[in-house]
Amino acid sequence: MARFIIRCFAFVAFAAIFSAALLILWGELMPRKLRPNLPHPVQLYGFLDTRLKEADASSPVDVLFLGSSKAYRGFDTRIWASQGISSFNLGSTGQTPMQSELLLARYLHRLQPRLVVIEVDPVPFMDEGVESSLDFLANGPIDREAWRMATRINHLKTWNALVFGAWQQFTGRRNPLPKPQRQGPNSYVPGGFTQHDPENYQPAGYLPPMQCDPRPEQLQAFLRAVRMLDEESTPFVLVTAPVTDAFARSWIDDERLWSLLAPGHVHFRMQDAAMYSDSLHFYDRGHLNQNGVELFNRALIDSLGSRGLLRPFGDRNQAPS
Amino acid sequence: MLFNSIDFALFLPIVFLLYWMVGGSSLARRNLILLAASYLFYGWWDWRFLGLLAFSTAVDFAVGRAMESTAQQAKRKALLAISLIVNLGLLGFFKYFNFFAAEFAQAFSFLGMPMTTARLDIVLPVGISFYTFQTLSYSIDVYRGHMKPSRDPIAFAAYVAFFPQLVAGPIERATNLLPQFASLRVFDRAKATDGMRQMLWGLFKKVVIADNCAPHVHAVFSNHEAYSASTVALAAFLFGLQVYGDFSGYSDIAIGCARLFGFSLMRNFAYPLFARDIAEYWRRWNISVTTWFRDYVYVPLGGSRGPLLQRIRNTMIVFVVSGLWHGPNWTFMAWGALHGLYFLPQLISGTNRRFLGPIAPGRWLPTANEAARMLGTTVLVCIGHIFFLGTDMADVWATLGHLFSTSIWSIPEINAPALWPLIAMLFTMEWIARDHQHALERNGLSWRWPMRWAIYAALCFAIIMFMRTDEVPFFYFQF
């Protein structure tokens, strides 16, 4: 029996090495359709590669934005710069608290923000964080934080992406493609914002109710991120970006999530902070068009200003390069 | 707990080590460990139904003991009736109550006596169709005198709840499995290694083949009007592979897992994809259930003895009942009846035992005649799948009407580039191994270990690369 157990361990080790080698070979040679568990979405959506490269070279800023697509499509750093506030937008597609935690660990010291704006929405808290992790592992560095995120997510696709990403990084062939500034209707704006071409939304009317059921691991990641900010004495606020009226009303029980996230913290729920029109200020049910972005950012700056949260920003009034 | 879950990947080695190391040479201790592990395995899904399992076990154990203590035939018959009523009663209550209540109400309404019936909102305990049949086989075999009743409650409870085959079979005969609990198992490295290989192949069939066929089948059959007839036909074929991969995969994992603990379970699938006629198909498909119905329904009805009409009746009853076993729906019964009708010409012409031997013995490829027969059997089975998948009979007729339309000649619209090579791999591996118990039993065994291990590791890679990452329960759990 001992021999059987030893051989089992030996086979597991052999299979791990052999499978990793095949995974790399498969990832290098096969088209995406033939590698369903290794999507490796390089520069596929959200400009994360471009954004992270810019963040790596960026100097300290007044405000740092984190969150999902509502963040990188919602917080326009140019508007903040016009108010004398430097900022950087580290939002990414489907970013969950697990990825926000990773970004804070990587960039908090580099960007030294005086205020962190965390965009909060029920969806990322209900998500495993796998899709977003693939984005990070395909477009960001494979470092200790990436390993930590993969361990916490513990999903097959994430592990595959980590192994393949580590291989590409080791062989110096990480993201060799030219960095596009424009993809479809989306344009990357230096500072991390992504602008969508002018488009108006056709309101869908009724949307089925959605139960807000946050995952414990995302709540824990959020709390770890908050603790990190507290340890660095970096103030932060939570912001819920506006969405179309029907979409906002479709959530059931989101109050419970806010009560879990926001005790003792400032939480701006911007749905009613300005007069948004579904057809004039949105291009889909969850994202503002540029008219809406203008309205939202100015309302948020006013709200932050009225709470005295923007007061100390005097000496870093240049926009990020 | 699912076989294809992280929970089970941790559970199995822990139980394995406890069983062989803590269990030592004590039969009672080993059985106790298996019993505790089995109840943990079952309770992982829903602990509330452990009581049901324990109740069913206690009733049949007590019935067996009582039968032993009496020689009076009438008493023995009454005891058997108790076992049948309890087991079939539980099965009927949980699985068929709502169906029969609704059907009775509809029948009375049809006769001008409208009535309302209560509809119970009950959860079907997973595996109830499997373990009740297993305990029934014990009571019946004790009654028939085919075996002596168990005197060891722990061994008997472990036999009923044995976790590898508890929730989806193979449905074991007490005469085969129970004696194995009564004798001290000896660890056999060759058997355990072969068990691991069989589990690996079963896992591949489940998570790579079945789970990847499922979304295409679901997409087409949930809205078949939107697809061409050829697409519906291809989806019916994929459904066959889904069910085969799922169920035979589960059986392979169960059999392989049991071998790790020194048990031999009966074979449940014998390459039904290569069956040359319907009779052979049923000798190769879900063997434990098919033979259960043969031994406990068909034979008591008179079996193959008696005049032709009686044999036809017996055959049809068995097929319809086996259809009903799958669930409370007319579509399942119609599916069973259809297979019965497929079978009848062979029964009448006396050709139902034509293909008992190996397929294409000594040849690399089947002959044209064999290939045509396999294709014909596949087509018949796929038509049956339409019944199996239908939500009701109206849906079945609509799908069949759509299937036999001119769009059957169009190019199917299922776009699954990764799936076709995997299916080709399944067919190739199973074809090569068609004379063996499972696809990895002999394949490559004569090769040196690095080559052999590389093949197994390549299968692991296929699982890693192609498995669905959302948890897909085993299809037959619902039965």
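Keep in mind it's a predicted model, so treat the numbers as computed, not measured. Throughout, a chain's letter reflects where its sequence line sits, starting with A, and its residues are numbered from 1.
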Mind listing the closest non-hydrogen atom pair of A/C8 and B/M196 along with its distance?
-> SG-CE, 3.9 Å
Do you know which two heavy atoms are closest between A/S19 and B/A457, and how far apart they sit?
-> OG-O, 3.6 Å
Identify which of B/A418, B/P13, B/A454, B/P450 forms the greatest number of heavy-atom pairs closer than 4.5 Å to chain A.
-> B/A454
Ring centres under 6.0 angstrom apart (A/F14, B/Y456) = no
Output field: ring centroids A/F18/B/W453 closer than 6.0 Å | no
Should we count CZ of A/F170 as having more than 12 external heavy atoms under 6.0 Å?
-> no
More than 12 foreign heavy atoms under 6.0 Å from CG of B/L184: is that the case here?
-> yes
For [X], is it the side chain, the backbone, both, or neither that has a heavy atom closer than 4.5 Å to a heavy atom of chain A?
X	result
B/L419	neither
B/A462	neither
B/L260	side chain
B/F466	both

Considering only heavy atoms from C-beta outward, does the side chain of [X] approach that of [Y] to under 4.5 Å?
X	Y	answer
B/R189	A/R3	yes
B/N415	A/K33	yes
A/F4	B/F16	yes

Approximate separation, where rounding is to 0.5 Å, of A/K157 NZ and B/I464 CD1 = 14.5 Å
Straight-line distance of B/M465 CE to A/L156 CG, nearest 0.5 Å = 8.5 Å
Could you tell me which residues in residues 248-258 of chain A have at least one non-hydrogen atom under 4.5 Å from a non-hydrogen atom of chain B, sorted by residue number?
-> none
Tell me, side chain or backbone of [X] under 4.5 Å from chain B's heavy atoms, or both, or neither?
X	value
A/L22	both
A/I17	neither
A/A2	neither

Verify side chain to side chain contact (heavy atoms under 4.5 Å, CB included) between A/V130 and B/T469, making sure each step is shown before the conclusion.
-> CA-CA 11 Å; A/V130 177; B/T469 49; over 6 Å; no
State which residues pass ring pair (Phe, Tyr, Trp, His ring centres under 6.0 Å) with B/F263; sequence neighbours excluded, sorted by chain then number.
-> B/F162, B/F181
Do any N or O atoms from the side chain of A/N37 and from the backbone of B/M467 form a donor-acceptor pair under 3.5 angstrom?
-> yes
